[in-house]
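A note on names: the letters A, B, ... follow the listed sequences, proteins ahead of strands, and every chain is numbered from 1.
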Amino acid sequence: MESGLISVDRWAKGSSAYFLTHLHSDHTHGLSSSWSNGPLFCSRLTAKLIPFKFPNFNLSLIRVLEIGSWHALSPSSGFPTTLHVFVVDACHCPGSIMLVFRGEFGCRICTGDFRWEPSCEKARMAKEMLVAALKDDVVDVVYIDNTYSNPIYDFPTRQIAANQIIDIILSHPDYDIIIGINTLGKEDLLLQISRALKIKIWVWPERLQTMHLLGFNDTFTTNTTLTRVRAVPQYSFSVDTLEALNTMRPTIGIMPSALPWVKKSLQKGNLSGSFLTSSFKRGRLSSNSVQIDEQNGAIGPLNKFHEHIYSVPYSDHSNFAEIEDFIRLIHPATLKGIVSSSSCYIEPMYYFGRLCRVNQPIQLLHKPKREENGKSVGVVSTKFSFGGDYVEPERNKGKNFKGKFLGVRVSKLSILRRKNRGAKILDNNSPEQD
DNA sequence: GCGATCAGTT
DNA sequence: CACAACTGATCGC
């Protein structure tokens, strides 16, 4: 039946064990306070955060996985078969982990969301642990964080981006500073800012609780009078907000993200206005990401996109080169993306297939896709296709296909809205089995 | 009131 | 161009 043996960041009934790589909401869809579909395996830190995100969560379901250790699931512990899982730090956000599974199905790695920068000490240690754990074993499948698995995604390390942000703040000594963040992540950035400026950072009350759970007891405050630097929910961060704030005090906003929409939405917000001062135009709206001195991270003039807003490519996902490094290191038989995309732009096998042992032809678009959902034997349920059988001319990445196809005007790809992250690994992955 | 979807926001 | 992470409305129950 369609029940998988284990699920990673997927929460539907039918699996014997559930793994949570980290607590971002796009990985917890289907998880709730009342969820009870099976044992939930996660890092110690994630386990600590779960009750905060899901009050009244049944704690007896939680199984802590120590980082750097192998853990066994076996019939003696009520599991259908024996498998082992190894855990390393994914360096994506607090508590985030990468998982290595060994069992009847062979060896598979779920990276979860991850960022392993070559210059990051934590990532270097994680990599060593992983290599040591794998020994000479071959890896059959890597479920990769393919968010940026396209060579157009080239951005600097978080260290460099953090220095850019600090420089921006230092160059605005008389301004209030607003930084957009989410419910978890980018703590290191805020700590560095705090250290560099010798100043506390304001966060909203729930975020302060999170900070305390994470063990940061001194750096953050909810008292606005103590600091000019405030970290606010990203969704509350807009051109309008910044303009409103500026009617009260001079304020700049900083968007720490490598996602292209940042630039786009910020530009669009003000292009038609009268803001196009010469100093603004100097910002080269259409230019690509910042080119900066690799060593010290000095900023160029170009991450300013609005009179009051800077966009800095501080990313918690690996860039293209880092993904490539990872795949080269693991040299798996094949790859699956954990981010289901409605297009081929980030299909991992397209760019990385040559680094795999099984050099599969690049199947760019939809998999067979007969079933609606669920029962496909595969692994990651990438579940959508365009109804028909039209094939995008592979590298003809030019236009997206929203125009009109088959006379149907698909104005939005929203029908295909990706939604499905996560992987379900079946007890029998092999084709010879039903 | 909950969960699943959809819509929309940055 | 896509993408990530999140909030909020809606609908069925």
Side-chain angles (χ1 to χ4, degrees), chain A residues 9-13 21-37 53-56 92-93 96 112-115 145-153 155 178-186 204 206-207 232-242 253-270 286 288-289 305-306 309-311 313-320 323 337-348 350-351 373 383-384 392 395-403 411-422:
Chain A
D9 296 342
R10 291 177 55 87
W11 308 103
K13 282 192 200 308
T21 61
H22 65 288
L23 262 179
H24 279 155
S25 65
D26 52 335
H27 291 254
T28 58
H29 196 253
L31 196 55
S32 69
S33 291
S34 58
W35 183 88
S36 62
N37 293 344
K53 179 147 183 149
F54 302 113
N56 305 317
H92 169 70
C93 72
S96 67
D113 287 354
F114 81 107
R115 183 149 199 204
D145 175 7
N146 55 319
T147 303
Y148 293 122
S149 68
N150 182 310
I152 64 172
Y153 295 123
F155 42 79
I178 298 293
I179 302 172
I181 62 170
N182 284 326
T183 57
L184 195 60
K186 303 199 163 59
W204 63 101
E206 294 80 5
R207 197 58 158 95
V232 304
Q234 217 166 77
Y235 60 82
S236 74
F237 190 110
S238 69
V239 170
D240 287 348
T241 309
L242 263 294
I254 299 174
M255 274 302 223
S257 172
L259 284 172
W261 62 257
V262 175
K263 298 176 185 176
K264 235 191 123 185
S265 62
L266 294 181
Q267 289 173 39
K268 139 169 85 184
N270 98 101
S286 57
N288 206 349
S289 58
F305 289 99
H306 176 270
I309 300 181
Y310 292 80
S311 167
Y314 185 103
S315 171
D316 288 323
H317 294 270
S318 291
N319 67 22
F320 183 81
I323 298 172
I338 63 173
V339 181
S340 314
S341 170
S342 54
S343 81
C344 61
Y345 293 116
I346 57 172
E347 162 58 42
Y350 181 76
Y351 291 107
N373 51 12
K383 57 166 56 165
F384 24 60
E392 154 92 328
R395 79 217 35 170
N396 193 2
K397 77 271 225 71
K399 338 321 247 50
N400 68 1
F401 6 90
K402 56 171 59 154
S411 72
K412 266 314 203 156
L413 298 179
S414 54
I415 333 154
L416 329 156
R417 259 191 170 332
R418 73 323 80 113
K419 198 92 219 202
N420 273 320
R421 289 175 145 261

Quick test: give all pairs of protein nitrogen or oxygen and nucleotides 2-4 of chain B nitrogen or oxygen below 3.5 Å, distance rounded to 0.1 Å.
from	atom 1	to	atom 2	distance (Å)
B:dG3	OP1	A:Ser32	OG	2.8
B:dG3	OP1	A:Ser34	OG	2.3

In whole Å, I'd like the distance from the [atom1] atom of [X] to the [atom2] atom of [N].
| X | N | atom1 | atom2 | answer |
| --- | --- | --- | --- | --- |
| A:Glu206 | C:dA5 | CD | P | 20 Å |
| A:Asn182 | C:dC3 | CG | C1' | 13 Å |
| A:Tyr314 | C:dA4 | OH | P | 18 Å |
| A:Asp316 | C:dC6 | CG | P | 11 Å |
| A:Asp145 | C:dA2 | CG | C1' | 14 Å |
| A:His24 | C:dC3 | NE2 | P | 18 Å |
| A:Asn319 | C:dA4 | CG | C1' | 16 Å |
| A:Asn150 | C:dA4 | CG | P | 13 Å |

side-chain contact (heavy atoms from CB on, under 4.5 Å) with [X]: which residues, sequence neighbours excluded?
| X | value |
| --- | --- |
| A:Ser32 | A:Ser34, A:Trp35 |
| A:Ser25 | A:Thr28, A:Lys53 |
| A:Thr241 | A:Ser238, A:Leu245 |

Output yes when at least one side-chain N/O atom of [X] is less than 4.0 Å from OP1 or OP2 of [N], else no.
| X | N | answer |
| --- | --- | --- |
| A:Thr183 | C:dC6 | yes |
| A:Thr147 | C:dC3 | no |
| A:His317 | C:dA5 | yes |

(request) Report yes or no: is there a donor-acceptor pair, N or O only, under 3.5 Å between the side chain of A:Tyr235 and the base of C:dA4? (result)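 Donor-acceptor pair under 3.5 Å: no.
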
(request) Return the nearest nucleotide to the side chain of A:Leu259; candidates are C:dC1, C:dC3, C:dA5. (result)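 That would be C:dC3.
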
(request) State which residues pass side-chain hydrogen bond (donor to acceptor under 3.5 Å, both in side chains) with A:Ser236; sequence neighbours excluded, sorted by chain then number. (result)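 Here no residue qualifies.
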
(request) Only counting residues at least two apart or in another chain, list the ones meeting side-chain hydrogen bond (donor to acceptor under 3.5 Å, both in side chains) with A:Lys186. (result)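 If we apply the side-chain hydrogen bond (donor to acceptor under 3.5 Å, both in side chains) test to A:Lys186, skipping adjacent residues, the hits are A:Asp316.
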
(request) Assess the pair A:Phe155 and A:Tyr148: is the distance between their ring centroids shorter than 6.0 Å? (result)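 Yes, the ring of A:Phe155 comes within the 6.0 Å limit of the ring of A:Tyr148, centre to centre.
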
(message) How long is the straight-line distance from CD1 of A:Ile338 back to CZ of A:Phe114, given to the nearest 0.5 Å?
(response)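 One gets 9.0 Å once the value is rounded to the nearest 0.5 Å.
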
